[in-house]
Amino acid sequence: MNLEQLVSANLFQFFLVFARLGSAIMLLPGFGEAYVPPRVRLVFALTVSFALMPMIANSLPAMPAAMSEFAALLVVEIGIGLFFGMLARIILLGAQSAGSVVALQIGLASALIADPTTQQQAAITGNFLLALTVVLIFATGLDHMTLKGLAGTYAIFPAGEVPPMGDVANHAARIVADSFAVAIAMTAPFLVYGIVFAVALGLLARLMPTLQVFFIAMPMQLLAGLALMAVALTSMMLYFLSSYEERMSVFLGGG
């Protein structure tokens, strides 16, 4: 192999690795947020690809002779990267769903602010929980586990091979269901609180028909809800982090 062939083979391996890692990093929690400058994300993806390429070079296919085969390989690798990043993003959005449920139960559903992640209006508690989970993922080292899981995808989805689409679709559907289940489990105290508070208001309205129930209830609902959130926040975050770790550790078998 002459120098030109060696350089071409190395460039092929690098771009093949970058296609999967770069597309995944674009969606990963913390790394792929909209407020992270695109150049920073690009440099980080290039750096990670350069660092991991020697580790997985032996598992990469040989450089194809036809450009169409090379394009097909890139499409497969980009699809696998987007699949992994989408799973991590869906799990993360469970925290925002939990925040929306909390806002509905404590009377803050109409308090909307700009969400820097989705570039849309969202409940203030949802944005708070979303930002808090991103901070805790980095503070607890789960970002390193996520990158190890990304490298482990090469053992589960070998480079150059089309993954079984049925299994991919089933796993994606299960992650979506788990994300909603985690959100409901995180907000279980607030659901109980909302039911009890609504029943109490109904009884109070029946016992004292002339009392302006909602005028009195709104400050009480907000104050008690914020107090409950202060008490339950630690448990909510610990549960979410354990759920995130459990679901992302599936990819660590090959990392």
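All values below were derived from every heavy atom in this structure, side-chain atoms included, with hydrogens, water molecules and symmetry-related copies excluded.
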Trainee: Do Arg20's NZ or CZ and the ring of Tyr154 fall within the cation-pi criteria of under 6.0 Å and 45°?
Mentor: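 Judged by the rule (NZ or CZ under 6.0 Å from the ring centre, within 45° of its axis), Arg20 counts as positioned above Tyr154.
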Trainee: With rounding to the nearest 0.5 angstrom, report the CG to NZ distance, Asp143 to Lys148.
Mentor: 10.5 Å
Trainee: Considering non-hydrogen atoms only, spot the tightest contact between Phe18 and Ala45 and give its length.
Mentor: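 Smallest heavy-atom distance, with atoms named: CE1-CB, 3.7 Å.
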Trainee: Closest approach of Ala183 and Gly94, non-hydrogen atoms and distance?
Mentor: CB-O, 3.4 Å
Trainee: With the side chain counted from C-beta on, respond yes when Gln221 and Gln105 share a heavy-atom pair under 4.5 Å apart, and no when they do not.
Mentor: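 With C-beta onward as the side chain, the pair stays apart.
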Trainee: Please say yes or no: joined through hydrophobic side-chain contacts below 4.5 Å, possibly via intermediate residues, are Leu201 and Leu191 part of one cluster?
Mentor: no
Trainee: Where the side chain of Glu33 meets the backbone of Gly30, is there a donor-acceptor pair that is under 3.5 Å apart?
Mentor: yes
Trainee: Would you sort out whether Leu129 and Leu233 count as a side chain to side chain contact (heavy atoms under 4.5 Å, CB included), showing the intermediate values?
Mentor: CA-CA 9 Å; Leu129 292 182; Leu233 184 60; 3.6 Å; yes
Trainee: According to the interplanar angle, ranging from 0 to 90°, do the rings of Phe197 and Tyr193 count as parallel (below 30°), tilted (30 to 60°) or perpendicular (above 60°)?
Mentor: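 Ring orientation of Phe197 relative to Tyr193: tilted.
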Trainee: When rounded to the nearest 0.5 angstrom, what distance separates CZ in Arg89 from CG in Leu28?
Mentor: 8.0 Å
Trainee: Are any of the side-chain heavy atoms of Leu16 and Met53 separated by less than 4.5 Å?
Mentor: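 Counting from C-beta outward, Leu16 and Met53 never come under 4.5 Å.
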Trainee: Just verifying a value: how many Å separate Ile25 CD1 and Thr47 OG1, rounded to the nearest 0.5 Å?
Mentor: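 Reported to 0.5 Å precision, the distance equals 9.0 Å.
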Trainee: From Ser179 OG over to Tyr244 OH, what is the distance, rounded to the nearest 0.5 angstrom?
Mentor: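 Here the rounded value is 12.0 Å.
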Trainee: Using modelled atom types only, decide if a donor and an acceptor are shared between the side chain of Ser249 and the backbone of Glu246 within a distance under 3.5 Å.
Mentor: yes
Trainee: Please answer: with hydrophobic residues joined when any side-chain heavy atoms are less than 4.5 Å apart, are Val40 and Val134 in the same cluster?
Mentor: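 Yes, because Val40 and Val134 connect within a single hydrophobic cluster, where side-chain heavy atoms sit under 4.5 Å apart.
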Trainee: Would a hydrophobic clustering, with Ile, Leu, Val, Met, Phe, Trp and Tyr connected at side-chain separations under 4.5 Å, put Leu228 with Val101?
Mentor: no
Trainee: Below 4.5 Å, heavy atoms only, C-beta onward: do Ile124 and Phe128 meet side chain to side chain?
Mentor: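 A side-chain contact is absent here, since even the closest heavy-atom pair is not under 4.5 Å.
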Trainee: First locate atom CG of Asp178, then atom OG of Ser243, and finally report the distance between them rounded to the nearest 0.5 Å.
Mentor: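 One gets 8.5 Å once the value is rounded to the nearest 0.5 Å.
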Trainee: With a 4.5 Å cut-off on side-chain heavy atoms, are Phe83 and Phe157 touching?
Mentor: yes
Trainee: Hey, what do you get for CD (Gln96) to OG1 (Thr125), rounding to the nearest 0.5 Å?
Mentor: 9.5 Å
Trainee: Report the C-alpha distance between Leu52 and Leu147 in whole Å, list the side-chain angles of each, state the deciding distance to 0.1 Å, and finish with yes or no for side chain to side chain contact (heavy atoms under 4.5 Å, CB included).
Mentor: CA-CA 10 Å; Leu52 291 182; Leu147 294 178; over 6 Å; no
Trainee: Between Arg247 (side chain only) and Ile175 (backbone N and O only), is there a donor and an acceptor less than 3.5 Å apart?
Mentor: no
Trainee: Please determine whether side chain to side chain contact (heavy atoms under 4.5 Å, CB included) holds for the pair Leu104 and Phe190, giving the CA-CA distance in whole Å, both sets of side-chain angles, and the decisive distance to 0.1 Å.
Mentor: CA-CA 9 Å; Leu104 181 63; Phe190 296 91; over 6 Å; no
Trainee: So, the side chain of Glu77 versus the backbone of Leu21: is there a donor-acceptor pair under 3.5 Å, distance only?
Mentor: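 Looks like no, no N/O pair under 3.5 Å.
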Trainee: More than 12 foreign heavy atoms under 6.0 Å from CZ of Phe15: is that the case here?
Mentor: no
Trainee: Compare every heavy atom of Met86 with every heavy atom of Ala172, then report the nearest pair and how far apart it is.
Mentor: CB-CE, 4.1 Å
Trainee: What closest approach, in Å, do Ala98 and Thr187 show between heavy atoms, and which atom pair accounts for it?
Mentor: O-CG2, 3.2 Å
Trainee: In this structure, would Phe180 and Leu241 fall into the same cluster of hydrophobic residues linked by side-chain contacts under 4.5 Å?
Mentor: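 Phe180 clusters together with Leu241.
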Trainee: Does the side chain of Leu142 reach to within under 4.5 Å of the side chain of Met248, using non-hydrogen atoms?
Mentor: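 No, side chains not in contact.
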Trainee: Verify the ring-centre separation between Phe31 and Phe138: is it less than 6.0 angstrom?
Mentor: yes
Trainee: Within the 4.5 Å heavy-atom criterion, are Leu92 and Ile137 side-chain neighbours or not?
Mentor: yes
Trainee: With a 4.5 Å heavy-atom cut-off, do Pro163 and Ile80 have their side chains touching?
Mentor: yes
Trainee: Between Phe251 and Thr146, does the side chain to side chain contact (heavy atoms under 4.5 Å, CB included) criterion hold? Intermediate values first, please.
Mentor: CA-CA 9 Å; Phe251 299 93; Thr146 304; over 6 Å; no
Trainee: Flag yes if Val102 and Val196 sit in one hydrophobic cluster, no otherwise; membership is Ile, Leu, Val, Met, Phe, Trp, Tyr, and two members link when side-chain heavy atoms are under 4.5 Å apart.
Mentor: no
Trainee: Looking only at heavy atoms, what is the nearest atom pair of Gly225 and Ile106, with distance?
Mentor: CA-CG2, 3.4 Å
